[in-house]
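What you see is a predicted model, and the numbers here were worked out from it, not measured in a lab. Below, read A as the first sequence line, B as the second, and so on, with proteins coming before strands; counting in each chain starts at 1.
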Amino acid sequence: MGKRYYYITTPIYYVNSTPHIGTALTTIVADACARFYKRRGRAVYFLTGTDENAPKVHRVAQEQGKPTQQFVDEMAEVFARTWRMLHIEYDVFIRTTEERHKRTVTEVFRRLREKGDIYKGSYQGWYCLSCETFWATSKIGAERSCPDCGKPLEWRDEPCYYFRLSAYESRLREYIQSNPHFIQPEVRRNETLGFLAEGLQDVAVSRSGTDWGVPVPDDPDGGVVYVWFDALLNYLTATGWLERGEEYLDLWPPDLQLMGKDILPRFHATIWPAMLMALELPLPERLYGHGWFLVNQKKMSKSLGNVYAPLEVAQALTTASGCELPYATDAFRYYMLREMPTDSDAEFSLEGLETRYNGDLANDLGNLVHRTLSMMHRYFEGRVASGEWRVEEPLATVFQRQVERATEAFEQVDFPRGLREVWEIISAVNRYYDEQAPWAQMKAGDTQRAGQVLYTGLEAVRILCGLIEPAMPAVAHAIATQLNLPTVPPWSELTEFNRLPGGHILGQPTPIFPRLQAEKATKLGQPHRLEGEPPGEPKKETARQGDKAMNETITIDEFKRLDIRIARVVQAEPVPKTDKLLKLTIELGDETRTIVAGIAETYTPEQLVGKQIVVLANLQPATIRGIVSEGMLLAAEVDGKAILLIPDREVPTGSIVR
RNA sequence: GGCGGCGUAGCUCAGUUGGUGAGAGCGACCGGCUCAUACCCGGUAGGUCGGCGGUUCGAAUCCGCCCGCCGCUACCA
């Protein structure tokens, strides 16, 4: 039993919010790839699904006053329904709450623990519930907020299992270096190698404090399996690795795993392959991390508030244009693929969608189909009159070349380029019509010439019908119907010309994409936000700005937890190989401490010695550049520069500030 | 700070290994056509190919420096 299916995956999506442009992008790209390979005759297995074992999910459910299971059932249905509405033809929709998945996670955990790749230790650190991530002390600011989402972190101190990720660092690096196509595009590969160069730490793979998730096997106090470890294994579960004996190898390994760039270097290109190495399983053929869509130059993600809901965008397009919903949905798919961010990020806008809709779809594709069929009906009663008609040169050469180029681009998941190549056919035929002017040939009585020209155009329409199917399946079917073909032609027939036989009767032409009328001002309107997402600026912006919102209050008790004192700098020296850091020795009452402060851009060591300063004395010690810092110097921040706070007059060191 | 990348017509961007007069789409203007969804075709827009040097017979394309962006990462206890 060997490999049989072309196995494509998307990440499984968190169910704590509804689908948006970002998750839709990954899923649409995956669907287009899946369809592309199907059209070429491959057996394809396309997996997507939902990640439901996160504690955050549990918490969101509680906030909504729902049993967690009910909540995840509902949300999984929202995702599945959205994907179906977007013409996503997945083969399996996996949910991590399924028993078979839990069995996979349990089994993998056991095996790796027996092997020694998972071991028990303990974890102390700051944890972001929202991002499901522990943060090293060196990563977080004094305000103890999450570097990613800006939300407050929680302190955790718990026994915990670790995965021996560090043991796979060099193997991983060697694999990536000797398999240049493993990680795509190139930028992502470089990023991953850069990430590896920093060195890999063992990662926590269990957590206590919640019972929502897969329990650590054979250890009643072991907590649940870390959600990332759990989630990644869905790709394995779906193959039937546990139940199908050797037969799961008809699927394994994945041929193409798609995802956003944010989860590639850290998870899919490191932890994931390392887990597979530990399991002694073959690695995926190809990991592809696309860029993000920005809205008004700003990042868009579930944690932020500036998110479009895909179905609402499609609905708005239908309303504004009069285009039927399935075709408006395909127009949305087309826009996503045509503008898909590859290396860097790209801008998503309704204006852009309108331009693509009117220009590429209504004026180019739709109009070409319509004018071609209209002329056939007008001049030839909708019938391929002669079996002698052939696709003419130089058009035949153009068709051949463009199909090849588009195919190559689609293989590289480069839909922006692939679709451009497809559209070259459209403009070539438009130019050809203009030169040949079959309407003039008819007037001149040269019916044979006109038929020859139109047949060439007709074949172009047939080829286009096949080429666009991965991007716009419903439109492809509509065109096939107008051509009166039983099915959308498979890829192999796109470079075989003259397939429409003499005597073939064409269907009726109907415009598929009615133009958006500018003068009617039927614009698509304002951003459509997700239900439950607050409007306004992304939360991250305020969290990241130095000037925090002043209206958040804390209690006096919270303030009292801070031990702020006056100290005197007795010694100061720069920290080697740094620009901002000074190592200070300070006198704090009876004791002497060492702290590290990032103020070298504003003060020289000489300026500091002897000065009295304000320090936070009961801050968790942290090691910075190998120096243990036992406290934090307080300073005003002006344009990123630190300005010291100095007592109005000399005070005893160790004095309390309150 | 380190690593990676980018900076080409008003806008969005193509431009493999250096060489015919630097391109496409959108927008604007002019013209043509009339089969078609006021569509399509052609032309014009005269962009120092971020700046300065260098290599070369010749560079947007190679090298160095600088400026400005972006991504990842790192030192802002």
Side-chain angles (χ1 to χ4, degrees), chain A residues 137-144 186-195 197-198 261-262 264-266 291-292 297 321-323 338-339 343-347 349 351-352 355-356 358-379 416-417 420 423-424 426-427 429-443 450 453-454 457 509-519 575-582 595-601 615-617 619-625 627-635 637 640-642:
Chain A
T137 347
S138 62
K139 293 269 185 80
I140 59 181
E143 65 276 15
R144 300 273 175 257
E186 193 81 15
V187 218
R188 305 278 104 80
R189 182 167 178 266
N190 291 338
E191 276 176 21
T192 306
L193 286 170
F195 183 68
E198 306 285 332
K261 64 177 183 177
D262 50 325
L264 198 149
R266 226 179 275 189
W292 287 349
Q297 314 286 325
S321 66
C323 178
R338 181 65 180 71
E339 307 283 345
D343 285 15
S344 53
D345 298 339
E347 184 76 11
S349 74
E351 293 72 23
T355 303
R356 289 280 168 219
N358 263 352
D360 296 1
L361 299 180
N363 294 348
D364 290 344
L365 177 64
N367 184 242
L368 179 68
V369 171
H370 194 244
R371 73 192 298 205
T372 301
L373 287 171
S374 294
M375 281 191 275
M376 283 300 297
H377 277 275
R378 177 187 282 239
Y379 303 142
R417 198 179 97 228
R420 274 201 299 274
W423 256 247
E424 286 296 325
I426 297 174
S427 43
V429 175
N430 274 330
R431 276 194 301 275
Y432 172 66
Y433 280 169
D434 203 62
E435 289 161 9
Q436 299 295 323
W439 50 90
Q441 290 165 340
M442 286 304 292
K443 277 179 191 158
V453 169
L454 288 178
T510 311
I512 297 169
F513 303 106
R515 293 190 101 243
L516 281 162
Q517 299 300 329
E519 58 268 31
V575 178
K577 292 184 196 162
T578 69
D579 304 320
K580 298 180 182 175
L581 298 186
L582 294 181
I595 64 173
V596 177
I599 54 172
E601 288 181 327
V615 297
L616 180 59
L619 182 63
Q620 178 81 19
T623 305
I624 297 156
R625 287 274 142 172
I627 302 164
V628 178
S629 180
E630 308 164 298
M632 170 176 163
L633 179 150
L634 300 185
E637 185 182 323
K641 306 283 186 188

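At a threshold of 4.0 angstrom between heavy atoms, the contacts of A/P511 include nucleobase atoms, whether or not backbone atoms are also involved. Contact annotation for A/A597: backbone-only contact, meaning every heavy-atom pair under 4.0 Å involves sugar-phosphate atoms and none involves a base. Using a 4.0 Å heavy-atom distance criterion, A/G366 is classed as a base contact.
One finds a side-chain N or O of A/N363 lying less than 4.0 angstrom from the OP1 or OP2 phosphate oxygen of B/C40. Contact annotation: A/R371 side-chain N/O to B/U34 OP1/OP2 distance is not under 4.0 Å. For A/R378 and B/A36, the shortest distance from a side-chain N or O to OP1 or OP2 is below 4.0 Å. A close approach under 4.0 Å does occur between a side-chain nitrogen or oxygen of A/R515 and OP1 or OP2 of B/C39.
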Could you write out each protein N or O paired with an N or O of nucleotides 29-31 of chain B at a distance under 3.5 Å?
none

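With a cut-off of 3.5 Å on both pairing distances, the Watson-Crick and G-U wobble pairs of RNA chain B assemble into stems of 3 or more at B:1-7 with B:67-73, B:10-13 with B:23-26, B:28-32 with B:40-44, B:50-54 with B:62-66.
Separating the P atom of B/G47 from that of B/A60 is a span of 16 Å, rounded to the nearest Å. With both ends at atom P, the span from B/G58 to B/U44 equals 31 Å, rounded to whole Å.
A heavy atom lying under 4.0 Å from RNA chain B marks the following residues of residues 429-437 of chain A, by number: A/N430, A/R431, A/D434.
A salt bridge is defined here as a Lys NZ or Arg NE, NH1 or NH2 lying under 4.0 Å from an Asp or Glu carboxylate O, and A/R356 with A/E339 meets this definition.
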